[in-house]
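Protein chains get the first letters and strands the later ones, always in sequence-line order, with residue 1 at the start of each.
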Protein chains: 2
Amino acid sequence: MVDFVGVATQFATWYYKTLDGEDRSGLSVVYRGHSMMTFETSQFQGLEPIKEKLGSLPFSKLQHCIDTLDAHPSGESGSIIVLITGKLLIDGDEHPQRYSQCFHLIPDGGTYYVLNDIFRLIYG
Amino acid sequence: MVDFVGVATQFATWYYKTLDGEDRSGLSVVYRGHSMMTFETSQFQGLEPIKEKLGSLPFSKLQHCIDTLDAHPSGESGSIIVLITGKLLIDGDEHPQRYSQCFHLIPDGGTYYVLNDIFRLIYG
């Protein structure tokens with residue numbers, strides 16, 4: 001039995017460490033040609049558009065902090081649905097913003113890729 | 001091409017209307033024997049445990065308001081991943097709580113059932 005929460009935690013830890021680091025281009029290894037990403041109100045489909053978006057985020061410094069992470073098996077195939085809620089500091093701002101992000105991870109040769117990625121800030 | 005956002009919006013509207021109404025037992029029609037639900041820190045697997053949980057929520061009056069709803073196709077099969085963020089008024093409280101909820105909807109004979117349901121309140 002796969003440890004779904006363990007896999008999802010390991011993935012999310014790596015993902016945010018890379019996103020918060022100096023070279024975000026490393027994130028593109030987890031997307032594929034048929035991956036979809038929603039970032040706030042914008043949608044991106046395919047590896048190149050997603051790479052381009054992640055590479056052009058208008059923030060020089062991000063700092064994610066996971067508050068909750070839940071993971072379910074999403075079918076027979078070993079896929080995993082992950083829901084994360086957390087806080088995000090942007091460009092050294094004092095006040096963190098809340099966010100929620102959902103990933104759909106698909107097993108692929110001993111690792112996982114992201115089929116679906118939906119990110120939303122939580123206002124108010 | 002299926003209108004994924006349209007299906008997800010119709011589903012979520014019905015789901016919260018039923019959950020906010022006087023008879024929550026109607027929700028059980030969208031779960032199956034292999035469905036999984038996370039409600040805050042508790043996990044439930046299977047129709048009976050989910051029915052029991054939804055039927056015994058310790059709130060007499062709920063009022064959900066959707067702020068954002070995003071939906072992606074989750075594979076070849078017509079399944080849909082939905083991420084909702086919104087506000088929730090509990091028992092007439094003046095201050096709404098923020099929440100985030102993820103559904104994985106699976107097509108089934110002209111309708112959809114919920115394979116995965118993850119609900120989290122957002123604190124702070």
Side-chain angles (χ1 to χ4, degrees), chain A residues 1 4-5 8 31-32 34-46 50 65-88 95-108 113-124, chain B residues 1 4-5 8 31-32 34-46 50 65-88 95-108 113-124:
Chain A
M1 179 73 173
F4 295 101
V5 172
Y31 295 94
R32 296 287 181 275
H34 57 299
S35 298
M36 291 186 70
M37 180 173 86
T38 295
F39 182 86
E40 289 284 88
T41 55
S42 305
Q43 274 205 31
F44 306 88
Q45 177 139 25
I50 291 173
C65 171
I66 296 174
D67 285 330
T68 68
L69 181 152
D70 297 288
H72 284 184
S74 79
E76 302 287 315
S77 61
S79 303
I80 307 176
I81 303 270
V82 190
L83 178 64
I84 293 165
T85 70
K87 290 185 281 285
L88 173 59
H95 302 289
Q97 297 200 48
R98 308 273 154 181
Y99 75 92
S100 180
Q101 190 160 15
C102 176
F103 291 105
H104 190 197
L105 304 178
I106 312 291
D108 183 30
Y113 72 87
V114 175
L115 178 58
N116 307 97
D117 170 1
I118 305 176
F119 173 90
R120 282 282 186 173
L121 288 172
I122 304 207
Y123 294 101
Chain B
M1 180 72 173
F4 295 102
V5 172
Y31 296 94
R32 295 287 181 275
H34 57 300
S35 298
M36 290 187 70
M37 180 173 85
T38 294
F39 182 85
E40 290 282 90
T41 55
S42 305
Q43 274 205 31
F44 306 88
Q45 176 139 25
I50 291 173
C65 172
I66 295 174
D67 285 331
T68 69
L69 181 151
D70 297 288
H72 285 185
S74 79
E76 301 288 314
S77 62
S79 303
I80 307 176
I81 302 272
V82 190
L83 178 64
I84 293 165
T85 70
K87 291 185 278 289
L88 174 57
H95 303 289
Q97 297 199 48
R98 307 273 154 183
Y99 74 92
S100 181
Q101 190 160 17
C102 175
F103 291 106
H104 190 197
L105 305 178
I106 313 291
D108 183 30
Y113 72 87
V114 176
L115 177 57
N116 307 98
D117 170 0
I118 305 177
F119 173 90
R120 281 283 185 171
L121 288 172
I122 302 200
Y123 294 101

Exercise for the section: Might you work through the side chain to side chain contact (heavy atoms under 4.5 Å, CB included) test for A/L105 and A/V114, ending with a clear yes or no? Expected result: CA-CA 5 Å; A/L105 304 178; A/V114 175; 3.8 Å; yes

Handout entry: A/Q101 side-chain N/O to A/D117 backbone N/O, donor-acceptor pair under 3.5 Å
Key =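 Absent.
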
Exercise for the section: Please flag which part of A/L115 lies under 4.5 Å from any non-hydrogen atom of chain B: side chain, backbone, both or neither. Expected result: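 For A/L115, side-chain heavy atoms alone lie under 4.5 Å from chain B.
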
Problem - Interface moiety of B/P73 toward chain A, non-hydrogen atoms closer than 4.5 Å - result: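 The answer is both parts of B/P73.
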
Problem - Residue B/Q43 versus chain A: region with a heavy atom under 4.5 Å - result: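 Contact with chain A involves the side chain of B/Q43 alone.
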
Between [options], which residue shows the highest count of heavy-atom pairs closer than 4.5 Å to chain A?
options                      : value
B/T41, B/T38, B/T85          : B/T38
B/I106, B/T68, B/N116, B/I81 : B/N116
B/S74, B/S100, B/G75         : B/S74

Handout entry: Distance-only polar pair, side chains of A/D67 and B/Y123, donor-acceptor under 3.5 Å
Key =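 There is no such pair between these side chains.
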
Problem - From B/C65 atom SG to B/I84 atom CD1, the distance as rounded to the nearest 0.5 Å - result: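 One finds 11.5 Å between SG of B/C65 and CD1 of B/I84.
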
Handout entry: Value rounded to 0.5 Å, distance of NE2 in B/H72 from CD1 in A/I118
Key =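 These two atoms lie 4.0 Å from each other.
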
